[in-house]
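Input: a single structure, listed below in structure tokens.
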Number of protein chains: 2
Amino acid sequence: MNRIELKSLLADSALATPSGRIVRALSERGALSATQIARLTGLAKSTVSTALTELRRSQMVVESGSESAGGVGRPATALTLNPRAGTCIGILIGSTEIQVILADVAHTVLSDKTINLEIDYSPQTAIQHVQRLIAEAYEGQWQRQNGLLGVGIAVGGPVNPVTGTVLRAGGMPTWAGVDMRELFGPIFPDVPIFCDNESNCSAIAEMTWGAARGHDDFVVYTLDLGIGGAIVAGGRVLRGIAGGAGEFGHVVIDPQGPPCRCGNRGCIEVYASFRAPMAEAERHFGRALRLTDVVEMALGGDALCRALIARTGEAGGHGLGLIGSVFNPTLVVVSGRLAMAGDILMKPLAESFERFTLVKHGDVPDLARTILRPSQFSDNGACMGAVGLVLRHHGRLVN
Amino acid sequence: MNRIELKSLLADSALATPSGRIVRALSERGALSATQIARLTGLAKSTVSTALTELRRSQMVVESGSESAGGVGRPATALTLNPRAGTCIGILIGSTEIQVILADVAHTVLSDKTINLEIDYSPQTAIQHVQRLIAEAYEGQWQRQNGLLGVGIAVGGPVNPVTGTVLRAGGMPTWAGVDMRELFGPIFPDVPIFCDNESNCSAIAEMTWGAARGHDDFVVYTLDLGIGGAIVAGGRVLRGIAGGAGEFGHVVIDPQGPPCRCGNRGCIEVYASFRAPMAEAERHFGRALRLTDVVEMALGGDALCRALIARTGEAGGHGLGLIGSVFNPTLVVVSGRLAMAGDILMKPLAESFERFTLVKHGDVPDLARTILRPSQFSDNGACMGAVGLVLRHHGRLVN
DNA sequence: TCGTATTAGTTCTATGGTGAACTTATTCGG
DNA sequence: CCGAATAAGTTCACCATAGAACTAATACGA
């Protein structure tokens with residue numbers, strides 16, 4: 001029905017108009033009152049009001065019950081995008097996993113499925129799994145796949161912002177040079193496909209719904225099997241000319257160090273990735289483990305797991321200190337599955353960060369110091385960011 | 001006369017109005033035609049036209065002769081800010097030098113003077129020299145000091161963006177904790193004082209008048225006695241929460257390396273600063289030298305000087321490669337006095353950069369590769385940036 | 001020398017967004 | 001139970017900006 005209309009309102013050119021900005025605010029935040037929209041978008045109440053009458057008339061926006069909770073004064077009427085307006089799909093193509101999230105335009109998650117794969121799986125394998133996962137996701141939903149508004153793809157490696165092509169330099173050699181839109185296009189006829197780096201997607205998720213809500217300038221630092229990150233400046237995710245911005249893992253800190261899978265030597269990732277600790281844990285326990293198992297055991301009190309995570313935190317702090325010296329960011333959101341370990345990771349990370357960064361404790365008042373904060377997403381941050389990519393129409397692959 | 005009016009037009013709130021944007025464009029670029037202003041500011045021709053009649057009426061903007069140079073069609077009338085509207089002063093407080101530039105609102109340099117000082121000179125010494133240099137600068141000018149619109153100060157170390165205070169971590173220990181506005185305020189009663197890091201000032205100069213004109217996203221990498229830099233994203237100079245963004249020189253690349261003056265060990269600056277090469281050159285030639293002397297001798301063909309600069313370029317490339325992996329910038333402007341050496345510096349720098357950065361030659365098409373370009377300013381980039389600070393009213397010390 | 005092409009700059013009108021004033025809906029205190 | 005206080009949301013006049021149509025000033029070719 002109004003699917004085409006919503007699509008056009010989510011398009012770039014329309015983002016500047018009041019209606020476009022309202023739709024965008026709603027798709028990012030879920031439910032809002034008219035007054036909240038005015039504050040958030042910076043538009044005048046009157047402008048929001050007139051635009052909203054139009055949007056209500058066209059069924060684009062619906063009232064979702066007035067919340068009279070607390071406070072005096074007339075209660076605000078909560079507004080959401082009409083969930084019937086369509087769905088979004090977020091796909092994560094990770095090095096050893098594929099995740100698919102189905103969400104409505106109010107970013108309510110309708111389905112969230114993950115499968116684990118052997119490393120270096122082929123694009124063909126991926127496409128089969130994605131197709132199956134999406135079919136499963138729509139099962140039991142009243143939403144139909146022809147209401148699909150857009151697909152966001154989070155890729156576990158640097159993506160060229162212009163062509164949508166995966167770069168050789170990434171941690172996924174079998175995907176080198178693959179054009180994601182060409183690959184996934186046939187599965188989603190006439191549906192716009194956006195894609196971006198996994199970490200950049202995490203940044204979008206953190207910014208809109210996570211630990212960085214309300215922040216316009218921050219850094220995401222991902223500690224997982226690989227090291228990654230993203231830089232947000234002025235509310236914009238920096239991509240770099242070849243989509244390679246935020247590759248914190250492949251900063252060379254020792255030209256004579258051990259070789260890294262990226263081709264250089266002595267990258268941060270060689271020292272702070274959780275690959276080696278995983279192997280050590282598996283040797284110790286004599287069985288195959290998932291990263292989350294190790295985190296859970298650490299939280300349960302296991303000494304080895306705690307030590308492994310702490311050691312990674314310390315090594316990761318060197319990289320983060322370097323980022324601190326380069327950016328001196330207001331906020332660093334630590335993401336990746338290791339972030340779920342909480343203080344076991346964060347304490348040694350913060351200590352090591354303090355040691356390697358330029359601006360030290362005594363140099364400035366506390367409120368001028370970088371805040372380190374773990375991510376609020378357990379393990380679906382990047383994939384939710386892919387959904388966000390669609391909702392904010394941010395993933396045009398060009399800035 | 002219209003001094004107050006111009007001041008208010010340069011103020012923040014007014015920057016958004018057409019008149020403000022026109023004044024800003026003119027103060028940044030010098031002379032422009034109405035059509036150029038329209039293109040530059042994004043305003044409609046008609047809007048520019050109406051605003052200009054008003055600005056002309058109030059003597060704020062004057063015509064500076066129509067340039068019928070080349071091309072068919074009606075020749076454009078060049079417009080400039082009325083130089084009688086006032087002057088700006090840019091001050092550079094470097095580690096071993098003080099520079100003062102006097103410019104009119106059309107950023108025409110009226111006077112440019114530098115003095116060299118012993119390292120670790122005191123703020124009191126500085127203030128005396130500055131006062132004298134400014135008095136000298138106004139000598140022989142018809143402009144009077146009471147027409148001073150603002151003072152910009154470029155400081156050779158990180159500056160706290162909120163308080164205007166120099167941080168301990170900088171390369172100027174005697175200036176730790178000094179509040180620049182408090183220090184210089186008494187010399188300039190009722191004149192707004194802006195200050196920022198030397199490198200950030202260079203970035204502003206490069207962006208408005210230099211090698212980065214037209215670029216909204218780039219990195220400045222300064223190679224001189226110290227290593228510094230600045231990050232520009234979306235036309236905004238990133239400052240970081242404590243003004244410490246862009247401190248590329250103090251990235252730790254070897255925790256066991258030699259101690260650095262910043263307190264850490266194995267910073268980039270230890271390896272790529274031109275301090276040690278300067279000492280070597282002085283030993284070799286048996287006399288005191290200035291950095292520019294070494295550059296000139298290298299350009300003249302001296303083998304040792306060429307080798308020293310090339311070696312620094314190679315070491316600097318490691319740092320730059322690191323920055324490349326973190327940002328993957330579109331453009332890197334190499335500044336600092338070493339940049340005057342041209343290819344002697346740039347060739348080894350580019351080679352080393354290529355080796356250490358993540359995105360390599362074969363990975364992406366040529367137009368998706370980072371451009372390295374030397375600065376166009378000989379040695380007054382930072383100080384001109386300080387002037388720009390006043391003109392763009394960018395140095396509010398808060399973003 | 002005159003008309004045409006081309007570019008610069010101006011005038012006029014339509015409009016979209018704002019701010020002020022207003023209406024509506026609720027809580028709270030007497 | 002009623003009015004004051006408070007906050008949400010609506011209406012409307014005004015004005016800044018943009019776009020189209022216009023005039024102005026030049027080069028160039030016939």
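Chain A is the first sequence line, chain B the second, and so forth, proteins listed ahead of strands; every chain is numbered from 1.
We find that CD of E54(A) is positioned 16 Å from P of dT15(C), with the value rounded to whole Å. Per the geometry, CD belonging to Q36(B) stands 8 Å off P belonging to dA8(C), to the nearest Å. Across the protein-nucleic acid pair, I37(B) atom CD1 and dT17(D) atom P stand 15 Å apart, rounded to whole Å. Rounded to whole Å, the distance from CG on L79(A) to C1' on dA8(D) is 11 Å. The CD1 atom of I22(B) sits 14 Å away from the P atom of dA16(D) (whole-angstrom rounding).
Mapped onto DNA chain C by nearest heavy atom, G73(A) and T50(A) fall at different nucleotides, with T50(A) at the one closer to the 5' end. Nearest-nucleotide assignment on DNA chain D puts the 5′-proximal partner with A34(A), out of L43(B) and A34(A).
The phosphate of dG17(C) has neither OP1 nor OP2 within less than 4.0 Å of any side-chain N or O from T47(A). Contact annotation: R56(B) side-chain N/O to dT10(C) OP1/OP2 distance is under 4.0 Å. For the pair T77(A) and dG9(D), the criterion of a side-chain N or O lying under 4.0 Å from OP1 or OP2 is met.
In this structure a side-chain-to-backbone donor-acceptor pair under 3.5 Å is present from Q141(A) to L110(A). A donor-acceptor pair under 3.5 Å is absent between the side-chain atoms of T47(B) and the main chain of L43(B), judged by distance alone. Within the 3.5 Å criterion, the main-chain N or O of I204(B) finds a donor-acceptor partner in the side chain of T208(B). Between the side chain of E206(B) and the backbone N or O of A211(B) there is at least one donor-acceptor pair closer than 3.5 Å. In this structure, R56(A) contributes its side chain and V62(A) its backbone to no donor-acceptor pair below 3.5 Å.
Nucleic acid contact class of R39(A) (heavy atoms, under 4.0 Å, all strands): none. Counting any heavy atom pair closer than 4.0 Å across all strands shown, T35(A) reaches sugar-phosphate atoms only and no base atom. Looking at heavy-atom distances under 4.0 Å, S33(B) makes contact with sugar-phosphate atoms alone, never a base.
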Polar atoms only, N or O, under 3.5 Å: list the protein pairs with nucleotides 22-24 of chain D and their distances.
none

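Here dT10(C) is the nucleotide among dT10(C), dG9(C), dT17(D) with the atom lying nearest to any side-chain atom of S49(B). Across dG9(D), dC28(D), dT18(C), the shortest atom-to-atom separation from the side chain of A76(A) is found for dG9(D).
The aromatic rings of H107(A) and W209(A) lie parallel to each other, with less than 30° between the two planes, well short of the 60° mark.
Test L148(A), L149(A), V387(A) against I89(A) for side-chain contact (heavy atoms from CB on, under 4.5 Å) and you get one pass: L148(A).
No hydrogens or angles were tested; on distance alone, a donor-acceptor pair under 3.5 Å links the side chain of S46(B) to the base of dA18(D).
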